[in-house]
Structures are given as C-alpha cells and as structure tokens.
Amino acid sequence: MSIVLYNTLTRKKEPFETLEPGRVKIYCCGVTVYDYSHLGHARCYVAWDTVRRYLLWRGYAVHYVQNFTDIDDKILNRAKSEESSMQTVAERYTQAYLEDIARLNVVEADEYTYATQTLDGIQRLIGELEQKGYAYPANGDVYYSVRKFEGYGKLSGRNLDDMQAGASGRVTGEDATKQDPFDFALWKGAKEGEPFWESPWGPGRPGWHIECSAMIRDRLGDTIDIHVGGSDLVFPHHENEIAQSEAATGHPLSRYWMHNGMVNVGGEKMSKSLGNFTTIRDLLDAPNAPDPMAVRLFLLQGSYRKPVDFTDEAIAAAQTSWGTLLDGLLFGYQYGAKLGWVDVEDSAFGDPAAMRIDRESDPVQTFQAAMDDDFNTAGGLAVLFDLAKDLRRAGNLITHTGEADTPSDVLRQQWQTLVCLAQVLGLEARPGVEVSTEGGLSDAEVEALLTQRREARAAKDFAEGDRIRDLLQAEGITLIDKPGGVTEWHR
RNA sequence: GGCGACAUAGCCAAGUGGUAAGGCAGAGGUCUGCAAAACCUCCACCCCCGGUUCGAAUCCGGGUGUCGCCUCCA
C-alpha cells in the first residue's frame with residue numbers, strides 16, 4: 001500500500017513516489033507579513049503540517065521549507081501609514097505568525113526563507129531568464145514574457161487566449177509597459193522614497209513570484225517532490241513559479257502540487273480585502289475562546305481540498321468534540337495508576353515517542369488506509385473517536401463502579417494508540433490543565449458543602465440540595481448521586 | 001466570457017460501482033425525589049432528469065444551485 005495524493009497538475013489522485021527513496025522535499029508558500037494571520041492561514045498551515053507529520057510517521061525523511069514574503073507593496077504601505085520601515089513591519093508580523101501558528105501545534109519548518117535574504121539567488125535567476133530570452137527590461141522593471149514559455153497555463157488549466165486580462169478588476173499602471181497583459185514583474189524599479197536593492201537593471205526590488213523560484217532552487221534544488229499552498233495561489237503565483245523555474249533550469253519544478261481549499265464565511269472566501277476575516281489570535285484570545293486543539297480539530301474534520309465554512313456554531317461543536325478526544329487522551333493520566341501501570345510517574349509517560357504501538361492492529365490499519373488516501377483526516381479522526389469513546393467508557397466505569405470491564409493491558413494499548421495517532425494529526429492534550437483547581441474550591445470546602453446537601457436532602461429540602469449542586473456545578477464540580485445516599489464527585 | 005470545484009440526515013462531514021464512517025445536535029430507555037453524570041438504543045437511500053449496469057450516492061449525458069480563480073490573496 002502506498003500513499004495516494006491529489007495532484008493539481010494532473011487533476012488526479014496519483015501514487016506518491018519520491019525522487020529519492022524515502023526522502024521528501026516540500027516547499028510551502030508562506031505568508032506576506034503585513035498583518036496578523038487569519039483562519040485562512042491557519043487552515044493552510046495546519047493542513048500542510050498534518051501532511052508533513054503523516055509522511056514522517058510513514059517513515060519518510062521530510063525536508064520542509066517555507067518562506068516569508070518580507071518585500072511587498074502591502075508591507076510598504078503599512079510601513080508608510082505607521083511611519084516605520086518595511087523591515088519593522090515584516091519582523092513584527094513574522095514573529096506574530098510564528099506565535100499564532102505554534103498555538104495550533106504546527107511544527108516549525110526545517111528552514112524558513114526570506115525574500116530579503118534571497119536577493120542573490122533572485123538576481124541570478126532573473127539574469128538567466130533574461131539571457132535565455134524569457135525576460136525583458138522596460139522602464140527600470142523587468143518582466144517575464146509568458147508567451148515565450150510553452151507550458152504556460154499547464155498547472156491552472158488555462159489558455160492565454162481564453163483568459164480575460166484584468167477580469168479581477170485589479171489592473172495597475174504597470175500594464176502600459178508590458179508586452180502582454182499577462183507578463184509579470186520579475187524586478188520592479190524603485191520609486192522615490194522606497195527601499196531598494198542594487199541590481200544589473202537598476203535599483204529596485206524583486207517581484208512576488210520570483211522569490212519562491214529562487215528559494216526553492218537555493219534550498220531544495222531544481223526539482224522538489226511536493227509544492228503546497230492555498231488554492232488561490234494556483235493562478236497566477238504557482239503558474240508563474242513554474243514558468244520561471246522551468247524556463248531557467250529545464251527541469252520540472254515539482255512532481256506534485258497540492259492546494260488547500262479556502263476558509264469561507266457565510267459562503268464567501270475569508271480574505272483581507274473582503275474584511276470578513278477573523279485572526280487566529282482574536283479567535284483564541286476571545287472570552288470563551290475555543291481550545292486551540294478544538295480549532296485544529298475543526299479544520300481536520302473536512303478534506304483539506306474543500307472549502308470549509310467558518311461559523312461560531314461549527315467552532316462550538318468542535319470544542320465539544322474535542323472534549324471527547326480529550327477524555328480519551330488523558331485516560332492514562334487519570335486512570336493509569338488505578339490500572340496498575342507502573343510507569344505513570346516516569347517523565348516519559350504519555351510521550352508518543354516512547355510508545356510502541358501495534359502497527360498491524362485494526363485501528364492503526366484503518367487510520368493508515370484513510371490517511372494514505374490523499375490525507376483523509378476525517379476518516380482518520382473516526383478512528384480516534386472510536387478509541388476515545390471506548391476509553392471514556394472504561395474511565396467512567398472505573399469512576400462509577402471501581403473497575404473497568406476491559407483488561408488493563410488492552411486499555412493501555414488503546415490509549416497509547418490513541419495518543420500516537422492523535423499526535424500524527426497534531427492533536428495533543430496537556431495533562432494538568434484539566435485538573436487545575438486554581439481559584440476553585442478546596443476539597444475540604446467541597447466536602448463541607450456536600451455534608452450540607454446531604455442533610456438538606458435527608459430533610460427532604462430538595463430545593464436547598466439542588467442549589468448546592470448547581471453551585472458546585474458552576475465551580476466545575478460534578479456530583480454523582482448513588483443509591484444509598486452516597487454522593488461522589490469529581491472536578 | 002474562459003477555466004475549475006462542490007451539491008450526502010437539523011448542522012458539519014467521510015465514502016466514489018454492491019445496498020450510507022465519524023462528529024455536533026436530537027429522541028427513547030435504565031437509574032433518580034427531580035435532575036445531573038453514566039450506560040444502552042434509535043435517527044438519511046445521498047440536488048433534479050435521463051442513460052450505462054444484475055446492481056449507482058458512487059460511471060456517462062443534460063439540468064439547477066453554490067463557490068473559487070482569471071496578475072492583492074493561504
């Protein structure tokens with residue numbers, strides 16, 4: 001069995017074969033750092049983080065490179081409006097991106113690249129393209145001549161003659177100097193007061209698309225295994241990357257192209273320009289904010305390729321769902337000692353890296369079959385829920401009756417399987433948070449209230465008994481009335 | 001105008017030829033002073049119309065609807 005993935009280039013699912021056995025080179029288009037990242041970005045980077053985690057779990061050595069676009073008109077505009085510099089703005093939002101995405105448990109890239117640190121590679125590439133006749137200078141700018149590149153349009157399935165230039169309504173003044181409306185800037189001559197770099201074509205800065213081509217070549221080589229990014233980048237960004245890189249090197253830029261679907265709000269794409277976006281930090285820092293893992297779960301419940309609608313209701317449902325997985329993930333910490341597990345005090349307890357799970361077991365095989373099929377995370381999650389529900393049931397039985405009806409070693413295997421598979425999806429529970437008593441009632445206070453309640457109930461004063469029960473519930477304490485007047489409780 | 005994607009229960013969503021995973025919400029039951037918690041059980045024939053097939057949500061054709069891209073974009 002091998003992994004099958006959907007390749008935008010061929011519009012088909014294809015068996016995944018790497019250039020070098022066991023090694024995967026991935027390049028991910030990162031953010032332009034001029035503002036805080038929103039849920040669309042979260043969706044994108046969670047998706048590719050999950051792909052990366054899964055490939056690692058399947059035994060591949062993955063080299064994952066992602067860029068920061070830190071030279072751009074929008075950054076420049078932001079800098080002007082706040083009277084700072086492009087560098088200041090870029091550094092601020094680069095840092096913010098890293099903080100936000102880390103909360104969603106996205107692992108850092110093996111390498112991050114920056115446009116500002118790739119000027120040599122960029123200029124070298126533009127020079128080659130010019131030499132080979134694919135680029136032409138005009139008024140201090142340098143443009144790529146799309147009609148010179150035979151395969152132009154192969155990724156996005158377009159034909160230059162069928163496209164309506166300017167259909168998106170964002171035509172700029174550049175057009176007058178271009179030979180063809182679809183030609184795009186490789187180098188932009190500096191205007192008065194703008195930051196610039198010296199070049200053979202005069203002072204200026206690189207166009208947007210060229211940085212990715214240059215970075216990939218510098219860090220990963222002429223051809224990589226997988227190029228990933230948002231589906232809104234297919235055209236023109238990725239199409240232009242292909243045109244640049246392949247014209248220069250004569251080799252395919254990437255074997256596979258994968259694109260994530262957009263996050264929608266009310267059926268429309270979430271985007272800066274529509275103003276309908278929610279930033280990651282706004283969502284996670286709001287009152288009653290969802291657990292970051294619930295947000296990740298929300299994003300993994302559907303296919304990475306399809307659009308996903310963001311609503312408060314959907315996040316709330318995901319939060320509840322996460323509670324179920326959480327119960328399962330924390331099972332070992334809560335019940336391991338009662339089940340006689342001898343390693344619960346070990347520092348490595350609960351660490352997936354230290355666990356040995358049975359790869360041939362049904363849950364793992366089912367999980368793998370789902371994920372092998374174009375990273376079907378929804379199918380993978382079903383396995384996690386099965387395990388988590390079994391464990392929760394066992395835990396409840398222990399709480400309510402004192403013992404589970406499943407052998408301890410079976411529960412241990414189930415728990416470890418759950419923890420390991422959840423980690424492959426980037427879903428992790430942090431023990432300790434749930435049993436926090438910060439600001440709450442002490443055990444003695446709870447017991448005192450329970451005594452009051454017991455007396456009230458004995459006197460048939462159920463209103464008083466219920467009042468105390470509600471009071472405790474508000475403190476996060478759940479009561480379990482058992483036959484015989486015994487009341488147990490847990491936080 | 002061109003290119004593309006999607007349409008499955010109240011909501012989200014997987015499945016892409018053999019008679020519908022999972023999550024959320026909901027219903028019934030056991031238990032209970034009533035609840036809560038817990039446990040058990042139940043809950044869709046897959047947008048419409050044709051066609052292919054022994055058999056289609058799943059393939060083909062035609063509709064309808066929604067969305068994305070067509071040089072800001074994850």
Side-chain angles (χ1 to χ4, degrees), chain A residues 8 11 28-32 34 37-45 47-48 72-74 146 153 156-159 161-172 174-175 178 181-185 207-209 228-237 239-240 259-264 267-274 297-298 301-303 305-309 311 313-314 316-322 324-325 366 370 373 376-386 389 392-393 395-397 399-401 457 460 462-463 465-466 469-470 473 478-483 488-490:
Chain A
T8 306
R11 296 170 197 287
C28 176
C29 277
V31 287
T32 301
Y34 71 100
S37 299
H38 58 62
L39 293 170
H41 302 112
R43 208 271 169 105
C44 175
Y45 301 109
W48 308 129
D72 179 83
D73 285 346
K74 288 182 171 166
V146 294
S156 54
R158 288 153 206 261
N159 180 319
D161 297 320
D162 291 340
M163 284 193 289
Q164 231 175 53
S168 65
R170 281 183 294 270
V171 178
T172 65
E174 283 179 0
D175 283 35
K178 292 198 265 188
F182 289 102
D183 288 353
F184 55 91
W208 175 36
H209 315 293
V228 301
S231 57
D232 51 352
L233 300 185
V234 174
F235 190 90
H237 185 56
E239 197 69 72
N240 291 350
H259 293 95
N260 62 279
M262 300 291 99
V263 172
N264 290 167
E268 278 191 320
K269 177 181 167 184
M270 176 180 287
S271 69
K272 294 277 174 62
S273 48
L274 285 172
L297 175 61
F298 163 69
Q301 276 176 322
S303 159
R305 282 197 280 142
K306 288 192 185 180
V308 60
D309 217 62
T311 61
E313 292 72 26
Q319 177 68 39
T320 313
S321 301
W322 170 242
T324 299
L325 287 183
T366 305
D373 183 10
N376 182 349
T377 50
L381 281 171
V383 174
L384 303 199
F385 277 102
D386 276 350
K389 289 204 156 184
R392 185 173 65 178
R393 179 179 167 279
N396 287 330
L397 282 173
T399 299
H400 290 262
T401 72
R457 293 175 76 212
K460 301 283 184 202
F462 295 119
D466 291 350
R469 188 190 64 217
D470 292 345
Q473 188 69 56
T478 300
L479 304 186
I480 305 163
D481 289 332
K482 292 192 159 187
E488 292 187 353
W489 63 277
H490 62 84

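Residue numbers start from 1 in every chain, and the chains themselves are labelled A, B, ... in the order their sequence lines are given, proteins ahead of strands.
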Less than 4.0 angstrom between a side-chain N/O of A:Asn396 and OP1 or OP2 of B:A37, yes or no?
no

Would A:Arg457 and A:Asp481 count as a salt bridge (charged side-chain N to carboxylate O under 4.0 Å, His left out) here? Give the steps.
CA-CA 11 Å; A:Arg457 293 175 76 212; A:Asp481 289 332; 3.5 Å; yes

Say you pick atom C1' in B:G29 and the same atom in B:A21; how far apart are they, in whole Å?
26 Å

Could you let me know what B:G50 is paired to, Watson-Crick or G-U wobble, both distances under 3.5 Å, or none if it's on its own?
B:C60

B:C43 and B:A27: how far apart are their P atoms, nearest whole angstrom?
16 Å

Which of parallel (below 30°), tilted (30 to 60°) and perpendicular (above 60°) describes A:His237 and A:Trp208?
parallel

Identify each atom pair where a protein N or O and an N or O of nucleotides 6-11 of chain B are less than 3.5 Å apart, giving names and distance.
from	atom 1	to	atom 2	distance (Å)
B:A7	OP1	A:Lys306	NZ	3.2

With a non-hydrogen cut-off below 4.0 angstrom, is A:Gly261 in contact with a base, only sugar-phosphate, or nothing?
base

If you take all heavy atoms of A:Ala370 and A:Gly380, which pair is closest and at what distance?
CB-N, 3.8 Å

Is there ring stacking between A:Phe385 and B:G23, where the centres must be under 5.5 angstrom apart and the planes under 30 degrees?
no

Measuring only the C1' atom in each nucleotide, how far is B:A14 from B:G63? A whole number of Å is fine.
27 Å

Contact class for A:Ser231 vs. all strands (heavy atom < 4.0 Å): base, sugar-phosphate, or nothing?
nothing

Does the structure show a Watson-Crick or G-U wobble partner for B:G1, both distances under 3.5 Å? Name it, or say none.
B:C70

The side chain of A:Asn376 is closest to which nucleotide in this list: B:G23, B:A74, B:A14?
B:A14

Under 4.0 Å between any heavy atoms, over every strand shown, what does A:His38 touch: base, sugar-phosphate, or nothing? Just pick one.
base

Sugar-phosphate, base or nothing in reach of A:Ala317, heavy atoms under 4.0 Å:
sugar-phosphate

Complement of B:U30, any strand, by Watson-Crick or G-U distances under 3.5 angstrom
B:A38

What interatomic distance, in whole Å, is found between C1' of B:A74 and the corresponding atom of B:G18?
40 Å

For B:C6, the Watson-Crick or wobble partner whose two distances fall under 3.5 Å:
B:G65

Here the distance between atom P of B:C34 and atom CG of A:Asp470, to the nearest Å, is 17 Å

With both distances kept under 3.5 Å, what pairs with B:C45, Watson-Crick or G-U wobble?
none

Starting at CD of A:Gln301 and ending at P of B:A14, how long is that distance when rounded to a whole Å?
10 Å

Determine yes or no for a side-chain-to-main-chain donor-acceptor pair under 3.5 angstrom, with A:Asn260 supplying the side chain and A:Gly230 the backbone.
yes

Using a 4.0 Å heavy-atom cut-off, does A:Phe298 contact any base of the nucleic acid, only the sugar-phosphate backbone, or nothing at all?
nothing

So A:Ser303, base contact, sugar-phosphate only, or nothing? Heavy-atom distance under 4.0 Å.
sugar-phosphate

Of all the nucleotides listed (B:A21, B:C24, B:C72), which has the minimum atom distance to the side chain of A:Trp208?
B:C72

Please determine whether a side-chain nitrogen or oxygen atom of A:Asn159 lies at a distance below 4.0 Å from atom OP1 or OP2 of B:G2.
no

Considering only atom P, compute the distance from B:A5 to B:A57 and round it to an integer number of Å.
22 Å

Is A:Val263 touching bases, backbone alone, or none of the nucleic acid, heavy atoms closer than 4.0 Å?
base

Determine the contact category for A:Ala378: base if any of its heavy atoms lies under 4.0 Å from a base atom, sugar-phosphate if only primed atoms, P, OP1 or OP2 are that close, otherwise nothing.
base

Of the options B:G23, B:G22, B:C34, whose atoms approach the side-chain atoms of A:Asp481 most closely?
B:C34

Nearest-angstrom distance, C1' atom, B:C31 to B:A35
12 Å

Select base, sugar-phosphate, or nothing to describe what A:Ser156 touches, counting heavy atoms under 4.0 Å on all strands.
sugar-phosphate

In whole angstrom, what separates A:Trp322's CH2 from B:C24's P?
14 Å

Whole angstrom value for the distance that separates C1' of B:C24 from CG of A:Leu381
14 Å

With rounding to whole Å, what would you report as the distance between B:A56 and B:G51 at their P atoms?
12 Å

Once you apply a heavy-atom cut-off of 4.0 Å, does A:Asp72 come out as touching a base, just sugar-phosphate, or nothing?
nothing

Approximate separation, where rounding is to 0.5 Å, of A:Thr324 OG1 and A:Leu384 CG
12.0 Å

Does A:Lys269 place a side-chain N or O at less than 4.0 Å from the phosphate oxygens OP1/OP2 of B:A74?
no

Which is true for A:Leu233 with a 4.0 Å heavy-atom rule: it touches a base, it touches only sugar-phosphate, or it touches nothing?
sugar-phosphate

Ignoring hydrogens and angles, are the base of B:C39 and the side chain of A:Arg393 linked by a donor-acceptor pair under 3.5 Å?
no

Please report the closest heavy-atom contact between A:Phe385 and A:Ser321, naming both atoms and the distance.
CE2-O, 3.6 Å

What contact category does A:Gly40 fall into here, base, sugar-phosphate, or nothing, at under 4.0 angstrom with non-hydrogen atoms?
base

Determine the Euclidean distance between corresponding C1' atoms of B:C49 and B:C12; express it in Å to zero decimal places.
29 Å

Is the distance from OP1 or OP2 of B:A37 to the nearest side-chain N or O of A:Trp489 less than 4.0 Å?
no

Of the candidates B:G15, B:C34, B:A74, the side chain of A:Met270 sits closest to B:A74

A:Asn264 CG to B:C67 P, in whole Å, measures 9 Å

Would one find a side-chain N or O of A:Thr324 under 4.0 angstrom from OP1 or OP2 of B:C24?
yes

Which of these nucleotides, B:A35, B:A25, B:G23, is closest to any side-chain atom of A:Lys389?
B:G23

Can you find a donor-acceptor pair, distance only, under 3.5 Å between A:Arg11 side chain and B:G4 base?
no

